[in-house]
Structures are given as C-alpha cells and as structure tokens.
Student: 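Let me begin by handing over the structure; questions about it come next.
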Protein chains: 2
Amino acid sequence: MLSQTGRYALRALDYLATHDDGGYKLVKDISGELNIPRQYLSKILHTLACEGLLHSQRGRSGGFRLSRPAKQITLYEVIDPIDHLSRLCACIMGEKPCGEENPRGDDDPCALHEMWGEVRGKYLDFLQKTTLDKLSSDV
Amino acid sequence: MLSQTGRYALRALDYLATHDDGGYKLVKDISGELNIPRQYLSKILHTLACEGLLHSQRGRSGGFRLSRPAKQITLYEVIDPIDHLSRLCACIMGEKPCGEENPRGDDDPCALHEMWGEVRGKYLDFLQKTTLDKLSSDV
DNA sequence: AAGAAAAAGGATAAGGATATCGTGTTATCG
DNA sequence: CGATAACACGATATCCTTATCCTTTTTCTT
C-alpha cells in the first residue's frame, strides 16, 4: 500500500520538519539518525527536490531543507511522486481502470466498485488531508 | 494494495464461480477467456489448490473447480496466500510493526497510528466480509 | 587558488513479483 | 496398451523496486 521508499521519504521529511531551523540538513546525518541507506536516501530526497518540495544546496554547508512550512505539505505530495498514486485507480477486478466516470471501462460497473472505491478513497483522502507537521505531533 | 497476481486470482475464481456446474474447468479456457497468461494462471490456481480453496484434477477431463460454494469463500482467503496480508500491519512511519497491541514497537504510538489503522482495517474488513459470489452479482 | 565537503548523477547489483518454457506425472479414451 | 489431454513443477527470463558504488559538479572555507 505504501512502499518502503515512500516510508523512508515520510520519515526523512518528518526529520526535516522537526529539526527545521532554516538551515540545510545533511543526508549523512538524516540517514544516520533514521537508519536509512545514505546513498539511497540521497536519491529519494533528490526526487522530492525536483518536485519542489525540498531545496537542495551543494557544497560545504549544503544539504536539504523543506521549501515550505511542514504545515503546508501534504503526505500526498510526498508519496505521489514515489508511489504514483494514480495507479491505485485500477478496478479491483482488474484489466481496465474503473474510475468514477468509467466503471469497468464502459457502463458495466464492477460489482465491488463502490466498496473498493470507498477503501481507496479513504486512503487517498487521508494522504491529502494530513500534513507533514502531523507526523510527529504528540497525541 | 492488491497485487496483479491477486487480481488474476479473483478474476479466475469469479469465472469458476459463475461457470460452476460441478465439473472441472480448464486453465486453457479460463486464461483464454480472461486474457491471463496460461502458465502463470496455472501456478496461481495451483497455489490456491494447495490452500484447499480449489480441487484440481489431472489428465483428460481434468481441470480446476471450487472446493466449496462461492458463497462460503471470502476474498481474504483468496488474497492472503498471494499477498501475505499480515505484512500490511507495518506502521506507516516504518521500521517496526505498529499493531494494535504494539504501537511503534513499545509505548510510543505513532501519531498517525489510529488513522492508518482505520484505512488498513477497512480494507481487511472488506476482504473478510465479501464472498466470491458477490464479485459478479449484478447491482 | 587549493582543499574539503556536500549533493548530483550514471552504472550496476540484489531481490521479489511477474511471467515463460520444457519436461514430468496422472488420468481418460479408443 | 498406447495416444492424448490435462495439471505439476523445476528452471529460467523479465521487469521493477530497492538499493550500492563511484565519479562529477558545485560551493564553502582557509
């Protein structure tokens, strides 16, 4: 449902959010702290930087930082470039996309369309409504 | 969320359910009808036969059939041997399982534990409460 | 300017999911 | 019995995710 890579991304951005002091954080430090393979995390953060969620800075005193306040970044924005959430739109019975407008490809709605859509919807809704700052907020 | 293999399994068993006449159905026919790779489908059905969901019969006039009425087979039973649903129990924030009794590995519950559990629960619930015969029932 | 520190980025590998192929085994039919 | 038709099953192939390694590029510090 959520890929390993997506999990890494969430944890790293959570780190950036909770340690946000305006400066750049090193991949080395994040990966050490969170126990995520360093070079791999580097690629993940690079991807998110390309998406505009992060700023990266090369050279000494460089690193990564959030490009917006954590409160303005949704989990959806983090996960989508990694997990390609639109693929989730496939019908549970397969083959063709079975979206709201296009159940089973034409007007032959899969019997489980509604229930399945509800489950999927709950997940996507959750990702879209939850912002990064919520990840570490104490209950 | 649901693997391609799991989708194939659901569709094939739906076929068996709707064409149930007490006899055995050929992999060749199912794969042809549903456009699923023949040898691959054969392995999937074999797996489900080992689980006891299907009976298989070798030789002439052999094939596969449901070992129980479709009404008594849940989607969970079909999907679990393929997708290993227990793995879904991992916490959204990663690393350690974050089950009901064991949030974040000890008594430090992940902030999203409840919401995530709700999404996951809805999916598993859906699989457990829905039986095979519902797949093709007309609305 | 030189050296050091950091991300960028290409090449490659490991592993699992998704298949494909060929052969073995079993059952039926003539 | 012998041919044929079906699943069983091990070996192999392909692709994607998940990494790892190494070199290049950029930037800061001295």
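Residue numbering restarts at 1 for every chain, and letters A, B, ... go by the order of the sequence lines.
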Student: Considering residues at least two apart in sequence or located in another chain, which fulfil the side-chain hydrogen bond (donor to acceptor under 3.5 Å, both in side chains) criterion with Arg58(B)?
Tutor: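 side-chain hydrogen bond (donor to acceptor under 3.5 Å, both in side chains) check on Arg58(B) returns nothing, list empty.
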Student: Write down the distance between CG (Leu41(B)) and P (dA8(D)), rounded to a whole number of angstrom.
Tutor: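 After rounding, the gap between these two atoms is 11 Å.
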Student: If only atom types and distance count, is the side chain of Ser67(B) paired as donor or acceptor with the main-chain N or O of Gly52(B) below 3.5 Å?
Tutor: yes
Student: Indicate yes or no for a side-chain donor-acceptor contact from Asp83(B) to the backbone of Leu2(B) under 3.5 Å, with no hydrogens or angles considered.
Tutor: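 Absent.
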Student: Looking at Gly22(A), is its backbone amide N or carbonyl O close enough to the side chain of Asp20(A) to form a donor-acceptor pair, meaning the two atoms are under 3.5 Å apart?
Tutor: yes
Student: Return the value, rounded to whole Å, for the distance between atom CD1 of Ile44(B) and atom P of dA8(D).
Tutor: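 It is 13 Å, rounded to the nearest whole Å.
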Student: Would you tabulate the pairs of protein nitrogen or oxygen atoms and nucleotide nitrogen or oxygen atoms of nucleotides 14-17 of chain D closer than 3.5 angstrom?
Tutor:
unit_1  : atom_1 : unit_2   : atom_2 : d
dT17(D) : OP1    : Arg87(A) : NH1    : 3.4

Student: Can you tell me the distance, in whole Å, between the CD atom of Gln39(A) and the P atom of dA19(D)?
Tutor: 13 Å
Student: Looking for any heavy atom pair under 4.0 Å, which part of the strands does Ser42(A) touch: base, sugar-phosphate only, or nothing?
Tutor: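 If one applies the 4.0 Å heavy-atom cut-off, Ser42(A) turns out to touch nothing in the nucleic acid.
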Student: So, does Gln72(A) use its side chain to make a donor-acceptor pair with the main chain of Pro69(A) at under 3.5 Å?
Tutor: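 Judged by distance alone, no pair lies under 3.5 Å.
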Student: Could you check whether any side-chain N or O of Thr18(B) sits under 3.5 Å from a backbone N or O of Asp14(B), counting only pairs where one atom can act as donor and the other as acceptor?
Tutor: yes
Student: What does Leu26(A) touch in the nucleic acid at a heavy-atom separation under 4.0 angstrom: a base, only the sugar-phosphate, or nothing?
Tutor: sugar-phosphate
Student: Looking at Lys25(B) and Glu33(B), is there a salt bridge between them, counting it only when a charged N and a carboxylate O are closer than 4.0 Å?
Tutor: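 Between Lys25(B) and Glu33(B) there is no salt bridge, as every charged N stays at least 4.0 Å from the carboxylate O atoms.
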Student: Reckon Lys43(A) touches a base, only the sugar-phosphate, or nothing at all at heavy-atom distances under 4.0 Å?
Tutor: base
Student: How bent is the helix from dA1(C)-dT30(D) to dG30(C)-dC1(D), comparing axes over its five end pairs at each side, to the nearest 10°?
Tutor: 10°
Student: Could you list the protein-to-nucleotides 28-30 of chain D atom pairs, N/O on both sides, closer than 3.5 Å?
Tutor:
unit_1  : atom_1 : unit_2   : atom_2 : d
dT29(D) : O4'    : Arg60(A) : NH1    : 2.9

Student: Using a heavy-atom cut-off of 4.0 Å across all strands, would you classify Phe64(B) as base, sugar-phosphate, or nothing?
Tutor: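 Touches sugar-phosphate only.
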Student: What range of DNA chain C does chain A touch, first nucleotide to last, counting atoms under 4.0 Å from its heavy atoms?
Tutor: dA4(C) to dA11(C)
Student: Within less than 4.0 Å of OP1 or OP2 of dC7(D), is there a side-chain N or O belonging to His46(B)?
Tutor: no
Student: Could you work out, with ring-ring contact (aromatic ring centres under 6.0 Å, His included) as the rule, every residue matching His19(B), not counting sequence neighbours?
Tutor: Tyr15(B)
